[in-house]
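Working notes for the structure below.
Since the model is a prediction, treat every value here as computed from it, not as a measurement.
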Amino acid sequence: SGGAKELLLEGIRILKKVATEQDPVMPRTWKNWGVAYQVLAKSEPKYQADMISSWKKYLEVAPQSDKDLENIRRVVGFEK
């Protein structure tokens, strides 16, 4: 629905602020940013590129202990 989309876009705006102004290497921020774009991409494929770029940045700073690391690598094409 329109309300859910607007809420996600507002969340993305806040995450961008945190990621770029407060702590650019904060893995959780980049990961969640990608998740928000993933939800949007389900109904609007144009957001898939944003999801991928967020998760690529996440993979640069991700802790190796993250249980979602391998799944995110597969989604962005970084399978080992």
Side-chain angles (χ1 to χ4, degrees):
S1 75
K5 177 183 174 184
E6 292 307 314
L7 187 60
L8 276 171
L9 289 171
E10 178 63 12
I12 289 168
R13 187 192 65 75
I14 292 167
L15 285 170
K16 279 184 181 182
K17 182 178 176 75
V18 170
T20 57
E21 294 177 8
Q22 296 180 15
D23 190 355
V25 296
M26 198 162 133
R28 188 178 316 165
T29 301
W30 292 103
K31 180 180 176 180
N32 290 336
W33 194 355
V35 170
Y37 279 125
Q38 181 184 36
V39 172
L40 288 169
K42 287 180 182 179
S43 61
E44 296 185 50
K46 69 180 181 179
Y47 290 110
Q48 189 166 6
D50 295 312
M51 174 191 74
I52 298 294
S53 65
S54 299
W55 281 345
K56 282 183 177 179
K57 177 64 177 175
Y58 165 74
L59 290 172
E60 293 175 13
V61 296
Q64 295 304 303
S65 60
D66 187 329
K67 65 180 176 61
D68 297 319
L69 192 59
E70 289 305 313
N71 287 335
I72 292 172
R73 279 188 179 133
R74 275 193 289 280
V75 169
V76 300
F78 285 160
E79 236 177 324
K80 288 186 175 180

Got a list of side-chain donor-acceptor pairs under 3.5 Å for residues 42-53, not counting sequence neighbours?
residue	atom	partner	partner atom	Å
S43	OG	L40	O	3.4
E44	OE1	K5	NZ	3.4
E44	OE2	K5	NZ	2.8
S53	OG	A49	O	3.3
S53	OG	D50	O	3.1

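To the nearest 0.5 Å, the span separating CZ on R74 from CG on L69 amounts to 10.0 Å. Rounding to the nearest 0.5 Å gives a distance of 9.0 Å between CD1 of I72 and NZ of K67.
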Q38 and W55: side chain to side chain contact (heavy atoms under 4.5 Å, CB included), yes or no, with the steps? CA-CA 10 Å; Q38 181 184 36; W55 281 345; 3.7 Å; yes
Go through the steps to decide whether I14 and K17 satisfy the test side chain to side chain contact (heavy atoms under 4.5 Å, CB included), and finish with yes or no. CA-CA 5 Å; I14 292 167; K17 182 178 176 75; 5.6 Å; no
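The shortest non-hydrogen separation linking Y37 to S54 is CD1-OG, 3.7 Å. In this structure, V61 and P27 approach most closely via the heavy-atom pair O-CG, 3.3 Å.
Legend: salt bridge (charged side-chain N to carboxylate O under 4.0 Å, His left out) pairs involving residues 28-37, not counting sequence neighbours, sorted by first then second residue: K31-D66, K31-D68.
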